[in-house]
Amino acid sequence: MSLLLILLAPGIAALATTRVQTRYLRELALMGTAVAFALSIVAALSALGGAPQSETSAWAPAAGLTFRLAADGVTASLLLLNSGISLLAIMATRTEGMRRPHLFMAMLLLAQVGAAGVLLAQDMVLFFIFWELVLVPFLVLIAVFGEGNRENAALKMLIYTSLGSLSMLVSIATLFVLSGSHSFLIDDLAHANLGGGPAFLGLSAAQLAFAGFAFAFAIKTPLFPFHGWVADAYTSCPTPALMVLAGVVSKLGPYGFYRVAIRLLPGAAHDFSWVLMTLAAVGIVYGALLALRQRDTKRTVIYLSVSHMCFITLGIVSLTSAGLAGGALQMVNHGLLITAMFFIVGHLETRLGTRDRGRLAGLSSAAPVLTGVFMLIALAVLGLPGLNGFAGEYLIMAGAYARSWPILLLAASGVILASWYTLRLYQGIMNGSPGAGSEEDEAAVVVPARAELASADLGILVPLVVAAIAIGVFPGPLVNLVNQGVVHLSRVLAGGAG
Amino acid sequence: MLRVLFALLAGLSVSSGLGVVLNRRPLYAALSLVVNMLSLAVIFLMLSAQFLAAAQVIVYAGAVMVLFVFVIALLNPAREEALVSDPRQLLFGAVVGLGFALVAGIGFLGLTQGFGGSTDLGSGVSLGSIQSLGRALYQDFAYPFEATSLVLVVAAVGAVYLSRGR
Amino acid sequence: MSPTDLGLAAQVIVAATVIVLLLADAFTPDDRKSVLALVAGAGVVLALAAAVAAAGAGVGDPGGGRVLFNNTLAVDGFAVFFEIVFLSLTILVLMLAPAYLDRRHIQKGEFYILLVAALAGMMVMVSAASLMTVFIGVELLSIALYILSAFLRQEERSQEAGLKYLLIGGFASGFLLYGMALVYGGTGSTDLTHIGAALKVVSGDRLVFSVAGIGLLLVGIAFKASAAPFHAWTPDVYEGAPTPVVAFMSVGTKIAAVAVFLRLFVVTFGAPAVSSRWTVLLGGVAGLSMLVGAVGALRQRDLKRMLAYSSVAQAGYLLLAVVAGNRAGMVGGLYYLAAYAAMTFGAFGVVALLVRGDRDGGDISGLRGLGYRHPALGGLLALFMLALAGVPPTAGFMGKLFVFVAAVKAGYAGLTLIAVVSSAISLYYYLRIVIVVYSPPDNPRRPQAADPLGTAAVVVAGALTLALGIFPGLLYDLAQHSSLL
Amino acid sequence: MGTLLVLGLVLPLFGFGLNRFFGSANRPGVRVMGPVAILAAFTCFAVAAVANGGGHVDFVIYRWFEQPAGPVVGIPVPAVDIDLYLDPLSAVMTLVITGVGFLIHAYASVYMDEEGDMDYARFFAHMNLFVFSMLLLVLARNFVVLTIGWAMVGLSSYLLIGFYHRRPAAVLAARKAFVMNVIGDVGIVIASLIALRAVGSISFDALFAAGPICGGTQEVFCKSTHFVSAVTLEAIAFFLLVGAVAKSAQVPLHTWLPDAMEGPTPVSALIHAATMVTAGVYLIARMHPLFVAAPGAAGTAAFLGAATALMAAILACVQTDIKRVLAYSTMSQVGYMFFAVAIGAEAAGIFHLVTHAFFKALLFLAAGNIIHALGGEQDMRRMGGLWTRLTTTRWLFLIGSFALAGLMPLSGFFSKDEIIAAGFTSGPLHPLGGIVLLAVAGLTAYYTLRAFLVVFMGQPLDAERHVHEADPGMIVPVVVLAVLASFGGLIQPGFWHLLGDYLGPAVGAFSEAGAGIVLLTAALSTAAVLGGMFLAYGFFSTNPRVRASRPVNPVLAQAFLWDRAYSALVVNPLWAFGGGLDRLVESPLVIGVTDLAARASLLAGQQVRRAQSGYLRSYAMLFAAAALVVVVIAGMGVR
Amino acid sequence: MPPLSLFLLLSALLFITGASGVLLRRNPLVVFMCIELMLNAANLAFIAFSRYHRDMAGQVFSLVVIAVAASEVVVGLALIVAIYKSGRAMDIDGLSEMKG
């Protein structure tokens, strides 16, 4: 029941938004999400206790559909991330003065439900349903509440990702047909016996199915070079929605690899892991170099995120114990950090009216608090040991190294570049003398004093900072939690792949 | 003897068919359609479908054509200026038509052998007598017959509705 | 009463309703014609009751269904399944139409007569056990629809729609008929059981005749299903015809046609020597429909035209189930057809409710901000768009899933990929509607409140669309019972 | 014992916290808290060291994370402890760090007085943070803790170098230092990964216990079942060396150090003289069982050390900024230590590390006094004639210079000689290194005396400029350092060797060079030093400023073009490459392709619309044509 | 008695004639006639086959067809009249208001 409530609580809140006054909107949403958060903690604890929660109920047996939810360690950790980030995103939403806040809130909550559903679903059709359900809210959030060329950005994102998910649908159908068991449950599909021989284009059925999954998840992640939709979508996405989109939803890609693709097709996963690892490693450097060259602060963070998501994927597809654990760990960490980054960038834009780094400079003396927070987040982002970015990266690199030398070196160079672009971003905004670059146009003169964080902003950033430090110093619990799930997959790999 | 008759009727029907297509005046077209119907009626007789022949004459040459002529008279459209508005249309139509003709030719002329033994229709069969047809209609195919009546009802209602004034 | 009797009763009741309406029409004054909607509704509800009873009595069970009237009429689970769909559809249309006709100032009794007659035509088609019955069903449906399309007889677009539909339709039935003639020639019979038996044994020229005839049959029925490349009439007719009629025909005609495909092709023409031929052709048609429909809808400015093209694409998916030709395809096809009925009717229903003044304009830009001006209709329209796009949790998704499974099972990788691509493309125009519906309105004028009955009809369709998406079990069992394989 | 270590470690962190978050409010508190935290730490470690004696303790604070039960694929998730390890080596390091660190803090508490409250607090916070990081580094017993300390040292140096965050030069210097240090961190991480894969653990002991390393020195460690190939060991050692080189500003990763002089002078004293730069030396000493087993890497280290010593010494001769002189001299001296620890004379290396900490800190702080006196002037060409004015500082600076030059009997002499002697006694190629280092000793004497003369002799730049001696707060700590610099050599003046014996258990028994060698090197080095001094005196005794202002060879002026080479070969290409990707790959391909697909289908849509002409006859035509195709295809199959 | 094939060929020719008429003519009345032509051709085929098979179904079918065709014509003509009343030219190329 409790797992189901994780879905229902925000869902009910979403429905209730239509019936509540604007000024209670945020409280309503927070209530719904808080329930989910609490239940996620329960799920995490029981997973830590070695007894992961699981719930099954009949759905459409004739059609082979079962309604089963389960939360292993990895799932639980991401559930926490999901509801936690959603809480912050809701807090970050300025309902007053917004047009149609009800719709906005409802969509935020719906996105949360969708993400939680993807994390929990154990039936592939259920998984797919939630997978698509996540998209719809963002269609509205971006197309209606976004900025710039928002409608096209939204459509592009949806069509691109749906192309992936449709290919996943075909893969699901294939596995369903090939596995005699008349059921869409992941555990049953895992027993599909796919003929080894080439089925199509010289690839075996298993490889084709895996390709279908991988395509979907790579686009969602986004894994280089399938990130064509990201720049536009993220750019026009309003900040609170972006916190969820980049912080949580992007994790569903690697999670899909973990939960579905590798779990169902370990053999094919091994056949493809080289391709995927190469793409990921190249993507790390690619994203880093692009982040280095962006002038727009938001775009810098976007490509930074691309680079890091490739890092996560690298860990997962390395198919090693350390790599998987590191990837799972890094999903949570990256979720926390990228949320903070996008919030800070959005905050600066709203306060100072610009994302152009040429016009931002020397804010540190005017905004000491922001400086401290931003510094810490930046350091965590560049993976400073002692903060939460490190442990994950370390394990991922271990996984990469266990598979191949050159890929480790690529990843390592990515780390070095990370220190470069992150400091460039941070110093460019914070250090130097204020108003340095603002000669370009007198029209918009940046007033550093406005940049300081208000208490409301701190309410959003402090939890993230605390989490970043806490996980950095005491990663133990999280690692154990994650391993609870990873060990199971390792067993599959040890058996299925050996 | 029958072959000669068939040849005549075939020529007549085909030419009258072409007449329908090629006559610029709708009235002439209608008239050549009548001729076509009549010649077909005779062919039906040859194929021992007496009742159908009769029906053909009555329904078509009678009612339908009268209706046509009546409407033509009512509207009296000016003679069409050009038979074909654009040559591409004609060319394309010709290609398609010939294509079908080719297919039909191959299909039907190459048929002489082995269509379930012979393609001979035999002679002196009394098939379409009123009795047999009646039996077929009211016993074997009662349901389609009834359904057809519904079609007629619909047609009547619709025609009345559409043509009635504002 | 035996289940078959009940199934037959449904048809008889419908036919009787036509007659009753004729009489009633004569005796109702011109300003009270909308009463006839009630009469028609009563008859249809009665028929629906009979059909449901037949289904309940297990007409779908093995041995439950029978072929009546000397092999011309089949009353089996398959037929009853579709009769239920058609009857419910008609009820919804009857809820939608009266207020519409009032708005268009053409409240005429013939509308209801023809509507029910068309319904009868559909029912004949799905339960036909003989080529003759099929033909009559098709014609009964078509002729009624010709008239209904032109029902706004003063209006040029409606006239144009009617005449176009009539001429091209007559042309098509010429092909259909000639195809039947050839099949008859090849097999020596018009009833399906004999044809099926004969096709297993015939060879040489008779086989050639049969196959050629089947080809022409395919053409004729694909026309009714508005599958590419026989779809050209669809956008024009849908745009011009009265919207409730479009809601009726876009659902009914297509479903009936696909049902005929399922019965006639999958079952009767199932003999390997034959099916190896028509699957190729139908596969081509399906693929072409998916692509042409999806691409054609991209640049439409009129919602009705857009939906017309989308229905072409939908025909492609439906035919995919037919081509699969296995039990999974049959069941999935039935499911998808029902889902298609709900969501398509809903979409056109919303358009009908939005019709104001004297023109059936479904101009997309006019929908801007509908979600705020008219939350119920806007939300429903968005829902139907998502459903047509196959976004879960809607009926459209489940249908697509089952059809994909069937296609994969039958090993049609290529067609499945085409389906994937076309679905991805189709997202563009479906979601664009959703965006438009929820983008801030440029002029905040409120339209007068829509009629409650029509809204209710659309709401029901929406509820079905969601229910079939979330609880597929309900319908899936019935579909399994009604499958011919 | 453990609590002592933890206390000593945490006190500076505590100071950091207090100063960072509450310091900006009360300046006096910071003034006390900054130095006292370090002093307290010093006492802790002093007590701990005494209590520990020659043994070693490994105190686990807490478990960082577990190794999960269950099957392992590829590479395990290692179990990681956060533990502190005290043995003579780390004891010496901690004492140097906290001891010298304390003096520098005390000095800075006065020196930084001009800064505003907020910056004052920030400064001491970061100084404390640095000490904490450094202590963590030297107390590490596994790669993870090492990496954490290693990186945090880099971080705090970044913070301190970039202290004047308004100054673009400082900002750039800070970023440069950080990035180069990250290169080092990555080296350490990679090394640890190789070790992890080789021995399945990230603790030093597990590594030392492996294969060929045994049979070397540390028999106690030989318990492991793993056998690690020599190549792997070389690889580990090599990547560790990358880290060491980056941190210790050795060739080729040295270019950040001169720029780092943008930081306040006490920072230079603490980070770039006494402690941080010697981390690399410490690492190699700590890892010496590994380096013993990896001669390739050790040789490389020795070579780099010698090369750096020479190159930096040469550059130091032509600098005009007083702090840059000291910076290059630091590089040069660290080169000595590198050489020493690399050739297995760890004791000598550490010895020089200690003495160098004393006299280099002394020099920097004295220079600080000078700069302070001249109102922030660092250019020696604008100094001169200070002998009569800075009456205390002159002596202090002189002592420091002589100690650095290695003049008998000051500390520098003993430590340096020991290294040179070790070079002569060990290894086939090492004598070459010894010779180079002898020459470097001469150069050292030359540039130190040059600096001294240019600063203190000759005529003042302008007589009426008011130059005041620093106040006692800035004198006392320097005096203490001066004492240490003078007599620090006595802990191991050739005849007896306290330090060597003390370090023995940690870095291997102290191998005594023959008395002959000792005397010989003493004589040679003294000769070199005197020669250097003589030359310097010859050049700069009469009006030094003008002489010092002579233009120098451009290659020397640009420090052998290292920076230009890097920007030309690494930075600019990467920068350009990034831009190229953005313009040529991202926009046209990655994003472009998606748009292209969209555009294509829209175009197709337009075509379909055109085909839909509205003319019935064209529809019929299409219909008929399609029907024909259908019939033909249908017929083909059967006939 | 001529063989079946000739009757079929005749029907095919008539069918094609009618079809090409539909493709070519612009007067809806004439187009209707052409459609009638096609239907008749089909009838001929039916009757020929029924004679060949000695089976009544074909004849019944063609009877049905006659009825259906008649009703189609009726409806069509009525529609044409309606259009005429609203004052438009008798030219199906004029019926191209809706396209695209």
Enquirer: Report the C-alpha distance between Phe32(E) and Phe68(B) in whole Å, list the side-chain angles of each, state the deciding distance to 0.1 Å, and finish with yes or no for side-chain contact (heavy atoms from CB on, under 4.5 Å).
Expert: CA-CA 9 Å; Phe32(E) 265 121; Phe68(B) 262 110; 3.7 Å; yes

Enquirer: Counting heavy-atom pairs closer than 4.5 Å to chain B, which one of Val60(E), Leu9(E), Asn40(E) comes out on top?
Expert: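 Most heavy-atom pairs under 4.5 Å with chain B: Asn40(E).
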
Enquirer: With a 4.5 angstrom heavy-atom cut-off, is it the side chain or the backbone of Ser50(E) that approaches chain B, or both, or neither?
Expert: both

Enquirer: Less than 4.5 Å apart, any side-chain heavy atom of Val74(E) and any of Leu152(B)?
Expert: no

Enquirer: Looking at every non-hydrogen atom in both residues, tell me the closest pair between Val20(B) and Met33(E) and how far apart they are.
Expert: CG1-CB, 3.8 Å

Enquirer: Less than 6.0 angstrom separating the ring centers of Phe7(E) and Phe6(B), yes or no?
Expert: yes

Enquirer: Looking at Leu52(B), Thr148(B), Val64(B), which has the largest count of heavy-atom pairs under 4.5 Å with chain E?
Expert: Leu52(B)

Enquirer: Could you check if a side-chain atom of Val154(B) sits within less than 4.5 angstrom of a side-chain atom of Ser71(E), using non-hydrogen atoms only?
Expert: no

Enquirer: Looking only at non-hydrogen atoms, find the nearest pair between Cys34(E) and Val21(B) and report the distance.
Expert: SG-CG2, 4.3 Å

Enquirer: Calculate, to the nearest 0.5 Å, the distance between atoms CG and CD1 belonging to Leu162(B) and Ile80(E) respectively.
Expert: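 Output value for this atom pair is 11.0 Å.
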
Enquirer: Looking at every heavy atom in both Ser13(B) and Leu10(E), which two are closest together, and how far apart are they?
Expert: OG-CD1, 3.6 Å

Enquirer: Looking at every heavy atom in both Ala49(B) and Ile47(E), which two are closest together, and how far apart are they?
Expert: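 Residues Ala49(B) and Ile47(E), closest heavy atoms: CB-CG2, 3.9 Å.
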
Enquirer: Counting heavy-atom pairs under 4.5 Å with chain B, which one of Leu44(E), Val81(E), Leu13(E) comes out on top?
Expert: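 The residue among Leu44(E), Val81(E), Leu13(E) with the greatest pair count is Leu44(E).
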
Enquirer: Measure the CE-CG distance between Met56(E) and Leu137(B) for me, rounded to the nearest 0.5 Å.
Expert: 7.5 Å

Enquirer: Given the options Leu79(E), Leu63(E), Val73(E), which has more heavy-atom pairs under 4.5 Å with chain B than any of the others?
Expert: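 Highest number of heavy-atom pairs under 4.5 Å: Leu63(E).
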
Enquirer: Against chain E, label Met46(B) side chain, backbone, both or neither, depending on which of its atoms sit under 4.5 Å from a heavy atom there.
Expert: both

Enquirer: As an exercise, state the distance from OG of Ser20(E) to CZ of Phe92(B), rounded to the nearest 0.5 Å.
Expert: 13.5 Å

Enquirer: Once you round to the nearest 0.5 Å, how far does CG of Asn43(E) lie from CD1 of Ile43(B)?
Expert: 12.5 Å

Enquirer: Decide yes or no for Arg54(E) and Ser48(B): does some side-chain heavy atom of the first lie under 4.5 Å from some side-chain heavy atom of the second?
Expert: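 The answer is no; the side chains never approach within 4.5 Å.
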
Enquirer: Output the distance between atom CG (Asn23(B)) and atom CZ (Arg25(E)), rounded to the nearest 0.5 Å.
Expert: 7.5 Å

Enquirer: Considering non-hydrogen atoms only, spot the tightest contact between Val75(E) and Ala155(B) and give its length.
Expert: CG2-CA, 3.8 Å

Enquirer: Check whether Arg51(E) reaches the backbone of Phe44(B) with its side chain - one donor and one acceptor, N or O, closer than 3.5 Å.
Expert: no

Enquirer: Between Val59(B) and chain E, with a heavy-atom cut-off of 4.5 Å, which part of the residue counts as in contact: side chain, backbone, both or neither?
Expert: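 Just the side chain, heavy atoms under 4.5 Å.
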
Enquirer: Less than 4.5 Å to any heavy atom of chain E: does that hold for the side chain of Leu47(B), its backbone, both, or neither?
Expert: both

Enquirer: Name the region of Ala67(E), side chain, backbone, both or neither, that has any atom closer than 4.5 Å to a heavy atom of chain B.
Expert: both

